[in-house]
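One structure below.
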Amino acid sequence: MTADEFYAQAATDTGPLVGVRVLDVSAYGPGPLCGQVLADLGAEVIKIDLPGSGDPARDIPPYVSSDPAQRKEASVWNLTFNRGKKGITLDIRKPEGQALFKRLVALSDVVIESFTPGTLAGWGLGYDDLKAVKPDVVLVSISAFGQFGPWSSRKGFDPMAQAMAGMMQVTGELGGRPLRSGNATVDHMCAWHGAIAAIAALHHRDATGEGQWLDVSLADVTLYTTDLHLMGAANAGYETKRLGNATDSGAPFNAFRTSDGQWIFINAALDAHWKRLCPLMGRDDLTGLDYSGRMADWQAIDAMVADWAASQPLAELLALLDGAGITCAPIASFEQILAEPHYRERGSVTEFDHPVFGPLTSYGPCPKFSVSPTRIRAAAPCMGEHNAQVYGALGLAASDLDALRAAGVV
């Protein structure tokens, strides 16, 4: 199937969440990413930056421009996490800013925040305060450890959740120190759960008229990905070990270096795949070695496969394994990913235009909708880019904005 065939039934270019309005007052990673997901799905997302400084993510390198005057707009973090949004500035710590925020909430469906629990309530902007101005509002609160519980007041970022909720316990080389995921994996997972919860809450609201408060924590979503480890420890006496790229669920299962210095991941843990692999390696004598037999000395099995893989270049090895129906994959660099036609055709790697920096390349939306396609609908906004538009819709004149700007409110 081609992309054109998949999207042949497309009836709209607005996305499945068209008509949903989101107010994003979060910062750093998971909150803005939650807003990004909803924007990719077609929601109108208004990103709020603190006047002058903005979201701290704007100051995190790398930058697409070396011009210091463009630094606040040039961070790859900002350009990625806030794409597709409108941008306004507002200081919700000030009474005038709190009043304006409530007026914006009254016109919104979803609010996303990522302050330390209790912070919004301390400013008179907690869930009960927002519910008073918008009874069916959906408030997504993203934090390290949740809105309640003994750890709820603790601050934390992605690595803290990876450390305290099991991910680093299972990640690292055999006998080595714990390692974190190379990506901010938990930030992204938390964003996805926040977006899923918001969509579910909107469905509930449409059925009942009720809004609600959604408590999404980095630690909880990390526990949600622990596979067999948590239940195994609780119910089967299972002891977690760090095994690098290997697994105690089958062998061979690892990354192997090829003769031309490339890397390939081979998973022939299933007995059927192992029986296909042995003839390729010239080891027909081992086809009867079942799962238990291989796991009894999995390191020797991996070493044997490593010797075989090291004797062949990557392209030939891939052809052999693919031809035999054995699951494998080259370990690609980002330069190779950018050049891969598969990702380009699917829009998983895509371009969009920025008014200052020109064409930029990014990852595209993940789910593909055949009728209401997702896409990057706009670049990340510059700080305050949509102040006149958004506040004008509230009835504020240019002179009002000038006065608020002079007072440091916007």
Side-chain angles (χ1 to χ4, degrees), residues 15-49 54-58 60 75-88 92 101 104-105 108-117 119-120 125 127 130 137-147 156-158 160-161 183-205 211-222 224-225 362-367 374-378 380-381:
L17 289 185
V18 63
V20 173
R21 196 178 206 219
V22 180
L23 203 55
D24 179 2
V25 69
S26 63
Y28 291 108
L33 280 166
C34 178
Q36 177 220 77
V37 171
L38 298 175
D40 285 348
L41 291 170
E44 178 192 14
V45 182
I46 299 172
K47 165 70 176 178
I48 296 177
D49 274 297
D55 185 333
R58 289 179 176 272
I60 300 176
S75 168
V76 169
W77 281 56
N78 170 64
L79 291 167
T80 301
F81 296 176
N82 292 310
R83 70 190 192 193
K85 303 177 184 179
K86 295 177 179 177
I88 64 173
I92 62 173
F101 184 74
L104 291 169
V105 169
S108 302
D109 300 291
V110 178
V111 177
I112 304 170
E113 65 96 5
S114 60
F115 294 99
T116 302
T119 301
L120 274 187
L125 300 174
Y127 175 63
L130 303 187
V137 70
V138 173
L139 174 62
V140 183
S141 290
I142 293 177
S143 62
F145 300 101
Q147 301 298 308
F157 292 99
D158 177 293
M160 284 76 251
N183 296 325
T185 305
V186 172
D187 278 354
H188 286 267
M189 293 189 302
C190 195
W192 305 335
H193 277 276
I196 292 168
I199 295 167
L202 290 174
H203 176 76
H204 175 83
R205 182 203 67 179
Q212 57 187 303
W213 189 7
L214 309 178
D215 177 2
V216 187
S217 88
L218 294 170
D220 289 348
V221 300
T222 308
Y224 204 72
T225 68
S362 179
Y363 59 79
C366 180
T374 56
R375 65 180 177 86
I376 301 175
R377 290 178 168 78

Review point. Hey, are S26 and E113 close enough side-chain-wise for a donor-acceptor pair under 3.5 Å?
Key: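 S26 and E113 do not have a side-chain donor-acceptor pair below 3.5 Å.
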Point to revise | Side-chain H-bond candidate by donor/acceptor type, S75 with N78, under 3.5 Å | key: no
Point to revise | CA sep, side-chain torsions, deciding dist, call: Y224, M189, side-chain contact (heavy atoms from CB on, under 4.5 Å) | key: CA-CA 10 Å; Y224 204 72; M189 293 189 302; over 6 Å; no
Rounded to the nearest 0.5 Å, what separates atom [atom1] in [X] from atom [atom2] in [Y]?
X: L23; Y: K86; atom1: CG; atom2: NZ; answer: 12.0 Å
X: D24; Y: S108; atom1: CG; atom2: OG; answer: 11.0 Å
X: Y363; Y: R83; atom1: OH; atom2: CZ; answer: 5.5 Å

Which atoms form the tightest heavy-atom contact between [X] and [Y], and what is the distance?
X: D215; Y: S143; value: OD1-OG, 4.5 Å
X: V110; Y: A198; value: CG1-CB, 4.3 Å
X: D187; Y: G29; value: OD2-CA, 4.0 Å
X: L104; Y: R21; value: O-NH1, 4.3 Å
X: I112; Y: C34; value: CD1-SG, 3.9 Å
X: G364; Y: I376; value: CA-CD1, 4.5 Å

Review point. Under 30°, 30 to 60°, or over 60°: which ring-plane class applies to Y28 and F157, parallel, tilted or perpendicular?
Key: perpendicular
What I'd like to find out is whether the side chain of [X] reaches to under 4.5 Å of the side chain of [Y], using heavy atoms alone.
X: V22; Y: I46; answer: no
X: H204; Y: L202; answer: no
X: D109; Y: V138; answer: no
X: L38; Y: I199; answer: yes
X: Q36; Y: L33; answer: yes
X: T119; Y: P117; answer: no
X: V111; Y: V140; answer: no
X: Y127; Y: V137; answer: yes

Review point. Please walk me through it: do F115 and L125 pass side-chain contact (heavy atoms from CB on, under 4.5 Å)?
Key: CA-CA 11 Å; F115 294 99; L125 300 174; over 6 Å; no
Check your understanding: Between L214 and Q212, is a side-chain contact (heavy atoms from CB on, under 4.5 Å) present by the stated rule, with each step listed?
Key -> CA-CA 6 Å; L214 309 178; Q212 57 187 303; 3.9 Å; yes
Check your understanding: Where the side chain of T80 meets the backbone of W77, is there a donor-acceptor pair that is under 3.5 Å apart?
Key ->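 The answer is no, because no donor-acceptor pair under 3.5 Å joins these two groups.
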Review point. Counting distance only, does the side-chain N/O of D55 pair as donor-acceptor with the main-chain N or O of A57 below 3.5 Å?
Key: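 Such a contact is found between D55 side chain and A57 backbone.
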Check your understanding: Ion pair present between D40 and R375, side-chain N to carboxylate O less than 4.0 angstrom?
Key ->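 Answer for the salt bridge query: no.
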Point to revise | Given T222, D158, L218, the one that forms side chain to side chain contact (heavy atoms under 4.5 Å, CB included) with C190 | key: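 That would be L218.
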